Amino acid sequence: GEDTFKTIAKRTGAYEAAISLVTKQIETQEQAYSQYMDKANQTGLDEYWAAQVRDGSLNIAEIKDDGLKEKIKNYQEWYEKASECKDAIEDLNREQTELLQAKIELLVKRYDDLRDKLSRKNDRIENKIGLKETWGFTASKGNYADMNKNLQKQITYTIKQQKELKTLQTTVDEGSEAWQEYKKRIDENIAAMQDMKKEMAENAKEAASLAQKKASGKADQVDAKSEL
């Protein structure tokens with residue numbers, strides 16, 4: 001109900017605040033990375049040696065030139081600082097993705113709950129129709145109209161959920177296990193919407209035949225009266 005919605009809104013807000021904080025941390029680390037790489041490049045170390053520092057293949061003990069050795073040490077110092085920033089950026093990007101996934105999954109669950117609630121409403125209406133028929137009464141057009149209203153809402157929630165699931169798919173590698181899992185959920189939703197549309201058509205048909213039965217019932221009454 002309302003409390004659940006408030007809780008979800010609160011948790012979504014908390015995720016958004018955390019995502020915003022991580023985004024700022026990424027920006028800070030990216031700026032630091034650029035500054036450290038600029039400092040490394042300002043050492044004036046030739047690219048031939050710089051590339052060896054970056055791939056870890058350089059053995060500084062073999063360098064005899066003190067001037068070159070000093071440049072290599074300076075370059076290495078700044079490059080290591082930049083590398084630490086790069087590692088931090090990777091960790092933060094991962095954290096940001098996980099927070100985003102958790103926030104979206106919260107919405108996906110919310111749409112599941114809303115659909116289940118509407119589905120239970122329709123179960124109650126169907127039970128009511130069954131009970132009426134047991135006692136020799138007929139269902140009303142309103143019963144079928146209410147069921148279709150609920151089904152239409154379920155379709156709307158499913159469309160909204162599809163959007164969130166497709167966003168979730170973009171947060172993982174295409175073809176990965178998680179990607180396949182999201183695809184399965186998207187496909188299940190497509191099938192569910194088709195079933196709901198079929199159900200709506202059947203309900204409309206039932207409501208129409210109900211109107212026909214009532215009309216023919218009245219006609220029979222008129223015929224019976226005219227025979228008297």
Side-chain angles (χ1 to χ4, degrees), residues 1-43 50 53-56 74-121 150 152-193 196:
E2 194 62 34
D3 286 346
T4 313
F5 183 73
K6 277 181 186 170
T7 305
I8 285 173
K10 208 173 176 181
R11 284 175 68 190
T12 302
Y15 279 128
E16 280 169 0
I19 290 165
S20 174
L21 186 68
V22 171
T23 304
K24 280 180 188 152
Q25 288 173 340
I26 289 169
E27 283 168 9
T28 304
Q29 291 291 349
E30 280 173 346
Q31 283 167 5
Y33 173 80
S34 294
Q35 285 165 3
Y36 289 142
M37 282 311 291
D38 283 346
K39 294 267 191 192
N41 294 329
Q42 281 163 18
T43 58
V53 171
R54 291 196 299 272
D55 67 20
N74 287 337
Y75 183 92
Q76 197 159 18
E77 193 183 317
W78 293 118
Y79 179 70
E80 277 170 10
K81 285 180 189 289
S83 294
E84 281 168 18
C85 291
K86 206 174 180 184
D87 291 343
I89 291 164
E90 277 177 23
D91 290 342
L92 288 164
N93 276 330
R94 232 185 334 266
E95 191 184 337
Q96 191 182 46
T97 300
E98 283 165 10
L99 285 166
L100 181 66
Q101 286 168 342
K103 181 198 151 191
I104 298 170
E105 282 286 5
L106 205 59
L107 285 171
V108 168
K109 167 114 180 41
R110 170 75 179 147
Y111 291 131
D112 273 341
D113 292 344
L114 288 167
R115 278 189 319 202
D116 289 347
K117 202 175 171 185
L118 290 162
S119 183
R120 286 194 298 273
K121 268 189 183 179
N150 290 338
Q152 188 53 62
K153 279 184 190 171
Q154 279 178 271
I155 289 169
T156 303
Y157 289 138
T158 306
I159 290 165
K160 286 181 177 179
Q161 192 185 60
Q162 288 291 74
K163 193 176 161 225
E164 301 301 339
L165 286 168
K166 281 173 184 172
T167 304
L168 274 173
Q169 249 191 336
T170 65
T171 67
V172 294
D173 293 331
E174 191 171 337
S176 66
E177 203 178 318
W179 190 91
Q180 295 293 351
E181 184 54 39
Y182 294 135
K183 187 182 183 300
K184 187 176 163 234
R185 285 159 84 178
I186 289 165
D187 291 344
E188 280 169 0
N189 272 349
I190 291 167
M193 283 193 283
M196 284 187 263

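These figures come from a predicted structure and were not determined experimentally.
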Show me the donor-acceptor pairs within less than 3.5 Å that the side chains of residues 15-28 make with the rest of the protein, sequence neighbours left out.
residue: E16; atom: OE2; partner: K103; partner atom: NZ; Å: 3.3
residue: T23; atom: OG1; partner: I19; partner atom: O; Å: 2.7
residue: T23; atom: OG1; partner: Q96; partner atom: NE2; Å: 2.7
residue: T28; atom: OG1; partner: K24; partner atom: O; Å: 2.9

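- With sequence neighbours left out, the salt bridge (charged side-chain N to carboxylate O under 4.0 Å, His left out) criterion links D91 to R94.
- Under 4.0 Å is where a charged nitrogen must lie from a carboxylate oxygen, and between K117 and D113 no such pair does.
- N41 pairs by the side-chain hydrogen bond (donor to acceptor under 3.5 Å, both in side chains) definition with nothing, not counting sequence neighbours.
- Evaluation of the side-chain hydrogen bond (donor to acceptor under 3.5 Å, both in side chains) rule for T97 yields no partner, not counting sequence neighbours.
- For E80, the side chain to side chain contact (heavy atoms under 4.5 Å, CB included) partners two or more places apart in sequence, or in a different chain, are Q76.
- Evaluation of the salt bridge (charged side-chain N to carboxylate O under 4.0 Å, His left out) rule for D38 yields no partner, not counting sequence neighbours.
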Mind listing the side-chain donor-acceptor pairs of residues 169-178 below 3.5 Å, one per line with the distance, residues two or more places apart or on another chain?
residue: T170; atom: OG1; partner: T167; partner atom: O; Å: 2.5
residue: T171; atom: OG1; partner: Q101; partner atom: NE2; Å: 3.0
residue: T171; atom: OG1; partner: L168; partner atom: O; Å: 2.6
residue: S176; atom: OG; partner: D173; partner atom: O; Å: 2.7
residue: S176; atom: OG; partner: W179; partner atom: N; Å: 3.3

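- One finds a salt bridge joining R115 and D112 here, because a Lys/Arg side-chain nitrogen approaches an Asp/Glu carboxylate oxygen to under 4.0 Å.
- Under the side-chain hydrogen bond (donor to acceptor under 3.5 Å, both in side chains) criterion, K121 pairs with no residue, sequence neighbours left out.
- In this structure, T43 has no side-chain hydrogen bond (donor to acceptor under 3.5 Å, both in side chains) partners at least two apart in sequence or on a different chain.
- For R54, the salt bridge (charged side-chain N to carboxylate O under 4.0 Å, His left out) criterion is met by E47, not counting sequence neighbours.
- Judged as a salt bridge (charged side-chain N to carboxylate O under 4.0 Å, His left out), and not counting sequence neighbours, the contacts of K184 are E188.
- Each salt bridge (charged side-chain N to carboxylate O under 4.0 Å, His left out) pair with one or both residues in residues 161-171, not counting sequence neighbours, would appear here, but there are none.
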